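Presented below is the structure to which this report refers.
Since this is a predicted model, take the numbers as computed values, not measurements. All values below were derived from every heavy atom in this structure, side-chain atoms included, with hydrogens, water molecules and symmetry-related copies excluded.
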Amino acid sequence: MRWSNVLREQIHLNTAKALSSAALHEMVADQCRQNRDDLIAQGSASPVYTTYVDGKRDAAEETAMLQGGLVVYVFSALAQAANWALDQCRKRSPVRSGAYRDSWVILVDGIAWQQAPAKIPKGSTVWIVNTMPYARKIEVGGMRVSVPPGIVEAVRQATQRRFGSIRADKAYKPLQGGRDARGEPIPYVLRQAGIASGMSWDKKSKTWSRKHAAYASNRADRQAGQQMLYPTLILTEPGQ
């Protein structure tokens, strides 16, 4: 079950005559909450959710009608998408030293997120970005590694297909503050002009080849002293 799905489970009760109406309402409510909490504990649902009881948002489960009533939990699609996308970024990373794979971070509304991705609040703007100084080279194919370039773009496309209610974008963003996995300060400042390596990845043959000799870039944003812009996956919930 995806976290963005609603939890709809029929509750069967032994309606013994000894039970009062209040006791039955409490039993139904407890069973609904138990089903919800079991999914969260199993990692199948996000702890971020909205409750609807007989169509009323945030109503108590005890107020559900015993005959034909409905308790619905709508789990956060954004939290699930962020958790899944982060895992995909790590799985697609080169692992020669592990530093790049370990440098994926989440920012929520511009602030580094220290909690589990499943707890990201609905309506947030989520960035998933790798903080290593060569992250841009890996993304654009300017550095030959053991995996194809375009990790952020590939995860963006996969996330958009999997989570239709989430908008997934890619942009090159500035970062401020913190340290990468090697302890170096963020952002990385170019020490010399960026190099166009001439390396290219062929999707059909799945091999690297050289298209031209390496040369120093003349782009203004790739000159010495410029802060690097980091390839970033941006997740939002349209309409929130």
Side-chain angles (χ1 to χ4, degrees), residues 1-91 104-128 155-170 233-240:
M1 175 184 289
R2 292 186 181 177
W3 295 343
S4 54
N5 288 353
V6 296
L7 172 59
R8 302 169 189 249
E9 292 194 14
Q10 184 70 40
I11 306 299
H12 298 284
L13 297 175
N14 179 9
T15 56
K17 292 182 179 179
L19 291 177
S20 67
S21 176
L24 283 173
H25 277 282
E26 184 176 356
M27 184 180 292
V28 169
D30 287 344
Q31 186 62 65
C32 289
R33 287 189 287 262
Q34 185 63 56
N35 289 347
R36 176 201 68 199
D37 293 344
D38 285 347
L39 284 177
I40 294 172
Q42 295 164 9
S44 299
S46 167
V48 179
Y49 57 86
T50 303
T51 303
Y52 294 88
V53 179
D54 296 337
K56 297 179 181 179
R57 178 169 178 161
D58 297 329
E61 287 87 346
E62 285 82 358
T63 64
M65 294 186 297
L66 294 179
Q67 297 295 327
L70 184 63
V71 176
V72 176
Y73 299 105
V74 181
F75 299 101
S76 172
L78 179 64
Q80 183 192 11
N83 187 70
W84 186 84
L86 178 64
D87 183 62
Q88 288 297 305
C89 286
R90 289 171 174 163
K91 286 181 177 179
W104 291 101
V105 299
I106 290 180
L107 283 75
V108 176
D109 296 332
I111 305 298
W113 186 251
Q114 305 296 339
Q115 303 180 60
K119 295 184 178 181
I120 293 172
K122 290 174 64 65
S124 303
T125 296
V126 177
W127 289 10
I128 300 178
V155 174
R156 184 199 70 78
Q157 294 181 24
T159 303
Q160 191 68 83
R161 289 193 299 267
R162 187 178 180 90
F163 302 95
S165 63
I166 296 299
R167 176 171 177 173
D169 296 301
K170 172 188 169 183
L233 174 62
I234 304 170
L235 304 178
T236 54
E237 294 176 289
Q240 290 292 324

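Of all heavy-atom pairs spanning Pro117 and Leu86, the tightest one is CG-CD2, 4.1 Å. A pairwise comparison of heavy atoms in Ala64 and Val71 identifies CB-CG2, 3.8 Å as the closest pair. Minimum interatomic distance between Thr159 and Leu233 (heavy atoms only, all atoms of both residues): OG1-CD2, 4.5 Å.
No donor-acceptor contact under 3.5 angstrom links the side chains of Gln34 and Asp30, judged on distance only.
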Quiz item: Run the side-chain contact (heavy atoms from CB on, under 4.5 Å) check on Asp54 and Thr63 step by step: do they pass?
Solution: CA-CA 8 Å; Asp54 296 337; Thr63 64; 5.8 Å; no
Practice problem: Would you please test Lys122 and Leu78 for side-chain contact (heavy atoms from CB on, under 4.5 Å) and show each step? | Solution: CA-CA 6 Å; Lys122 290 174 64 65; Leu78 179 64; 5.8 Å; no
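Between Tyr73 and Leu39, the closest side-chain pair of non-hydrogen atoms is not below 4.5 Å.
Gln160 contributes a side-chain N or O that, together with a main-chain N or O of Ala168, makes up a donor-acceptor pair within less than 3.5 Å.
Rounded to the nearest 0.5 angstrom, Asp37 CG and Gln42 CD are separated by 11.0 Å. Going from atom CD1 of Ile166 over to atom CD of Glu237 covers 4.5 Å, rounded to the nearest 0.5 Å. One distance of note links CD1 of Ile128 with CZ of Arg90; it measures 9.0 Å at 0.5 Å rounding. Note that the CE atom of Met27 and the NE2 atom of His25 stand 12.5 Å from one another [nearest 0.5 Å]. Atom CD of Gln80 and atom OG of Ser76 lie 8.5 Å apart (nearest 0.5 Å). Taken to the nearest 0.5 Å, the CD atom of Gln31 stands 12.0 Å off from the CZ atom of Arg36.
For the ring-ring contact (aromatic ring centres under 6.0 Å, His included) test, residues two or more places apart in sequence or in another chain that qualify with Trp84 are Phe163. Checked against ring-ring contact (aromatic ring centres under 6.0 Å, His included), Trp104 has the following partners two or more places apart in sequence or in another chain: Tyr100.
Among Ile106, Val108, Leu107, the one residue that satisfies the side chain to side chain contact (heavy atoms under 4.5 Å, CB included) test with Trp127 is Leu107.
The environment of NZ in Lys170 is crowded: more than 12 heavy-atom neighbours from other residues, nucleotides or ligands sit within 6.0 Å.
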